[in-house]
Amino acid sequence: MPLAGPDASRLALSRAQSGVWFAQQLNPDNPLFNTSECIELRGVVDEEALVTAVSSAASEAEVLVAGFETRADGTVVQIPGARTLDLAPTLDLTSAADPWGAAHEWMARDLEQPVDPAVDPCVRAAVLRLADDHVLLYVRAHHIVLDAFGFSLFNR
């Protein structure tokens, strides 16, 4: 729901988002609200085009790059499109003894990093190259902006 007056570009949080926000504030170092998807791509992949597509999709779905702020009265609002996608550089794991294992370790470490929606980008993406014809697209999102259903829509 848009807010009136000078806050017209801000949106009130949904009840679900409010619950996630306050739970995160109670335990800010807990990565519990991180969720992720990994899409395996086989064949020749134009990594630049893939990154452009993911960035474009994130900017079109403004909630994925929303900022959050606490107003003077203590309410929290979201500002759609206020941030950019956190896009990690392509990780070339082709020389690892076990590229698949190395990719999973990297993704697990990333998921363990707490995200503070007040200051951190809520969505992060990375391309992990396992071989010349094998790439993983990894997307991690804070649950305040994306749930399982939202991921299914974003992946389309």
Side-chain angles (χ1 to χ4, degrees), residues 1-41 45 47-91 93 100-128 130 135-156:
M1 156 193 316
L3 303 171
D7 286 337
S9 66
R10 277 111 171 109
L11 300 173
L13 299 185
S14 69
R15 287 185 187 195
Q17 286 177 309
S18 292
V20 169
W21 176 271
F22 290 112
Q24 182 74 58
Q25 300 310 304
L26 290 173
N27 192 356
D29 294 329
N30 190 338
L32 175 69
F33 291 109
N34 286 344
T35 183
S36 69
E37 290 273 337
C38 177
I39 300 171
E40 185 175 15
L41 303 168
V45 174
E47 291 173 25
E48 187 175 324
L50 178 61
V51 166
T52 299
V54 170
S55 296
S56 191
S59 67
E60 288 175 16
E62 290 182 322
V63 71
L64 300 182
V65 288
F68 295 86
E69 71 180 22
T70 302
R71 296 169 31 157
D73 65 1
T75 60
V76 179
V77 294
Q78 57 188 315
I79 310 155
R83 296 208 178 116
T84 57
L85 177 70
D86 180 8
L87 191 56
T90 298
L91 300 165
L93 303 171
W100 185 259
H104 281 265
E105 287 175 18
W106 185 90
M107 291 184 286
R109 280 193 309 273
D110 185 69
L111 273 172
E112 292 170 359
Q113 298 304 310
V115 173
D116 179 353
V119 295
D120 299 325
C122 290
V123 178
R124 181 175 204 209
V127 175
L128 294 85
L130 307 183
V135 168
L136 301 178
L137 172 62
Y138 166 81
V139 179
R140 187 253 307 135
H142 193 284
H143 194 57
I144 200 164
V145 298
L146 206 55
D147 60 11
F149 180 70
F151 255 123
S152 71
L153 296 175
F154 182 72
N155 288 344
R156 287 188 191 156

Interatomic distance, CD@Q24 vs CG@L32, rounded to 0.5 Å, equals 8.0 Å
Of all residues at least two apart in sequence or in a different chain, which pass the salt bridge (charged side-chain N to carboxylate O under 4.0 Å, His left out) check with E105? none
Donor-acceptor under 3.5 Å (N34 side chain, Q113 main chain): yes
Please report the interatomic distance CG(D73) to OG1(T75), rounded to the nearest 0.5 Å. 3.5 Å
Quick one: CG on L137 to CD on E47, what's the gap to the nearest 0.5 Å? 10.5 Å
At what distance, to the nearest 0.5 angstrom, does CG of L41 lie from CG of L128? 11.0 Å
Mind running side-chain contact (heavy atoms from CB on, under 4.5 Å) on W21 and Q78 for me, showing each step along the way? CA-CA 11 Å; W21 176 271; Q78 57 188 315; over 6 Å; no
Can you name the closest pair of heavy atoms from I144 and Q17 and give their distance? O-NE2, 3.0 Å
So, for H142 and V115, which heavy atoms are closest and what is the spacing to 0.1 Å? CD2-O, 3.7 Å
Side-chain (S152) to main-chain (F149) donor-acceptor, under 3.5 angstrom: yes
Criterion side-chain contact (heavy atoms from CB on, under 4.5 Å) on W106 and R109, from CA distance to verdict: CA-CA 5 Å; W106 185 90; R109 280 193 309 273; 3.7 Å; yes
Partners of R124 by salt bridge (charged side-chain N to carboxylate O under 4.0 Å, His left out), sequence neighbours excluded? D86, D110
Of the non-hydrogen atoms in S36 and R140, which two are nearest, and what is the gap between them? CB-CA, 4.0 Å
Could you pull out the closest heavy-atom pair between L111 and P31, with the gap in Å? O-CB, 3.4 Å
Dump the intermediate steps for side-chain contact (heavy atoms from CB on, under 4.5 Å) on R10 and R71, then the final yes or no. CA-CA 11 Å; R10 277 111 171 109; R71 296 169 31 157; 5.7 Å; no
Are the side chain of S55 and the backbone of V51 linked by a donor-acceptor contact shorter than 3.5 Å? yes
Please report the shortest heavy-atom distance between V139 and V123, naming the atom on each side. CG1-CG1, 3.9 Å
Shortest non-hydrogen pair, F68 vs R83, comes out as N-NH2, 4.1 Å
Nearest 0.5 angstrom please: L64 CG to L85 CG, how far? 8.5 Å
Hey, mind stepping through M107 and C38 against side-chain contact (heavy atoms from CB on, under 4.5 Å) and telling me if it holds? CA-CA 9 Å; M107 291 184 286; C38 177; 3.8 Å; yes
